[in-house]
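For reference, the structure discussed in these notes is given below.
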Amino acid sequence: MPELPEVETSRLGITPHLQGQTIKAIIVRVEKLRWPIPQELQLLVGQRIQSIRRRAKYLLIDTPTGSAIIHLGMSGSLRVLDESISVAKHDHVDLILDNGKVLRYNDPRKFGSWLYAAVGVDHDVLAKLGPEPLTDTFNAEYFSEKTKNKKTVVKQFVMNNAVVVGVGNIYASESLFMAKIHPKTPVGELTQPQILRLVSEIKSVLATAIKQGGTTLKDFNQVDGKPGYFAQELHVYGRAGKACLICQSLIQEEKIGQRNTFWCETCQPYK
DNA sequence: CTAGAGGCCTGCCCGC
DNA sequence: TGCGGGCAGGCCTCTA
């Protein structure tokens with residue numbers, strides 16, 4: 001579930017439990033997730049958590065000397081539990097706090113990551129990321145400059161983290177539908193009004209999703225609480241062969257860049 | 001530079 | 001009911 005809205009929801013959910021607490025221990029039960037979990041992570045033991053930030057889909061748990069950098073991959077999730085709660089299948093990492101709570105990381109597919117960066121050091125995984133979609137640095141002028149003379153199709157372009165971060169497979173299709181742009185349009189051919197519209201729809205689709213994700217905060221620290229996050233109003237994603245909610249045409253599905261892509265041929269004509 | 005394919009893992013759903 | 005195949009919200013790496 002971890003697209004940007006859920007990562008942000010996780011951040012908001014864990015922050016009040018973690019901020020100001022001291023890390024008592026870090027228990028790692030797997031050798032590697034996406035990458036080996038670095039020994040340096042243990043340097044955080046004894047440190048006080050100052051803040052929890054999000055950059056792209058990474059969460060950063062900051063202490064005065066360094067940060068844990070967490071990515072949820074395809075199937076990762078974080079919960080705050082009492083330390084006494086027993087470990088379940090795929091609970092790979094525990095960050096144990098002074099207050100008797102534990103931040104517990106579960107990830108069946110192990111595509112996520114736990115990394116470490118000393119204070120002041122920019123980890124490689126963060127080095128080449130584009131702007132945050134919900135900030136002013138992601139705007140039409142920036143987007144126009146990036147797209148100039150490029151032939152990359154727009155669906156893949158907006159999913160490129162070097163262009164803009166946090167637009168995953170679901171929201172790429174959804175944003176393009178809202179902007180009425182065909183996913184296979186080469187970005188160099190986008191008109192100025194289309195670029196304005198697309199930038200604006202990416203922001204609004206993500207912002208709306210974050211708002212909806214907020215409802216999962218309530219059960220965030222329940223023991224077996226699952227995020228009730230799926231109740232999205234998706235217009236095209238996962239709706240192949242069904243009627244478009246606007247015009248009743250059948251929703252199309254095709255792999256673009258090895259990822260399933262959904263669109264309405266009528267609402268999003270290929271000009 | 002880009003595009004495309006492969007790979008990492010497990011769970012789940014579908015069809016037989 | 002059991003089993004094999006295909007697919008899944010991410011993203012890095014290798015090849016052409």
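So that the names make sense, note that chain A is the first sequence line, chain B the second, and so on, each numbered from 1.
- Rounded to whole Å, the distance from CG on A/N160 to P on B/dG4 is 14 Å.
- Among the atoms of the strands shown, only primed sugar atoms or phosphate atoms (P, OP1, OP2) are found under 4.0 Å from some heavy atom of A/Y58.
- Checking A/L129 against A/R109, the closest nucleotide of DNA chain C that is more toward the 5' end is the one next to A/R109.
- Contact annotation: A/R259 side-chain N/O to C/dG9 OP1/OP2 distance is under 4.0 Å.
- Atom NE2 in A/H123 sits roughly 15 Å away from atom P in C/dC11 (whole-Å rounding).
- Comparing the P positions of B/dG11 and C/dC12 gives a spacing of 24 Å, expressed to the nearest Å.
- For A/Y237, counting side-chain heavy atoms from C-beta on, the closest listed nucleotide (B/dA5, C/dG10, C/dG9) is C/dG9.
- Checking the phosphate oxygens (OP1, OP2) of C/dA8, a side-chain nitrogen or oxygen of A/K255 falls inside 4.0 Å.
- The side chain of A/N260 places no N or O atom within less than 4.0 Å of a non-bridging phosphate oxygen (OP1 or OP2) of C/dC7.
- The CD1-C1' distance, from A/I256 to B/dT2, rounds to 16 Å in whole Å.
- Judged by Watson-Crick or G-U wobble contacts below 3.5 Å, the nucleotide C/dG5 has B/dC13 as its partner.
- Comparing C/dC3 with B/dC9, their P atoms sit 25 Å apart, to the nearest whole Å.
- Using a 4.0 Å cut-off, some side-chain N or O of A/K32 falls inside it from OP1 or OP2 of B/dC9.
- A 6.0 Å sphere centred on CZ of A/R197 holds more than 12 heavy atoms belonging to other residues, nucleotides or ligands.
- Rounded to whole angstrom, the span from the CG atom of A/N169 across to the P atom of C/dC7 amounts to 14 Å.
- Only one option out of A/E254, A/H182, A/Q268 pairs with A/W263 in a side-chain hydrogen bond (donor to acceptor under 3.5 Å, both in side chains); it is A/H182.
- For C/dC11, the base has a donor-acceptor partner in the side chain of A/R34 [N/O atoms by modelled type, under 3.5 angstrom].
- Looking at A/K24 and A/D98, no side-chain N of the basic residue comes within less than 4.0 Å of a carboxylate O on the acidic one, giving no salt bridge.
- Ring geometry for A/F177 against A/H235 counts as parallel: the plane angle stays under 30°, on a 0 to 90° scale with 60° as the upper cut.
- Per the stacking criterion (ring centres < 5.5 Å, plane angle < 30°), A/F111 does not stack onto the base of C/dC11.
- A salt bridge links A/R55 to A/E132: at least one charged side-chain nitrogen sits closer than 4.0 Å to a carboxylate oxygen.
- Phosphate proximity of B/dT10 to A/K110: present, with a side-chain N or O under 4.0 Å from OP1 or OP2.
- Ranked by how close their nearest DNA chain B nucleotide is to the 5' end, A/P108 and A/T152 are led by A/T152.
- If you take CZ of A/R239 and P of C/dG9, they are 17 Å apart, rounded to a whole angstrom.
- Of the candidates C/dC11, C/dG9, B/dT10, the closest approach to any side-chain atom of A/H71 belongs to C/dC11.
- If you measure from atom CD of A/Q258 to atom P of C/dC14, you get 16 Å, rounded to the nearest angstrom.
- With rounding to whole Å, A/Y171 atom OH is found 9 Å from C/dG9 atom C1'.
- Counting non-hydrogen atoms under 4.0 angstrom, A/N161 reaches the backbone sugars and phosphates but no base.
- When the P atom of C/dG6 is taken as reference, atom CD of A/E253 falls 16 Å away, rounded to whole Å.
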(request) Tell me, with the steps shown, if A/R239 and A/E253 meet salt bridge (charged side-chain N to carboxylate O under 4.0 Å, His left out). (result) CA-CA 8 Å; A/R239 299 195 66 246; A/E253 174 183 15; over 6 Å; no
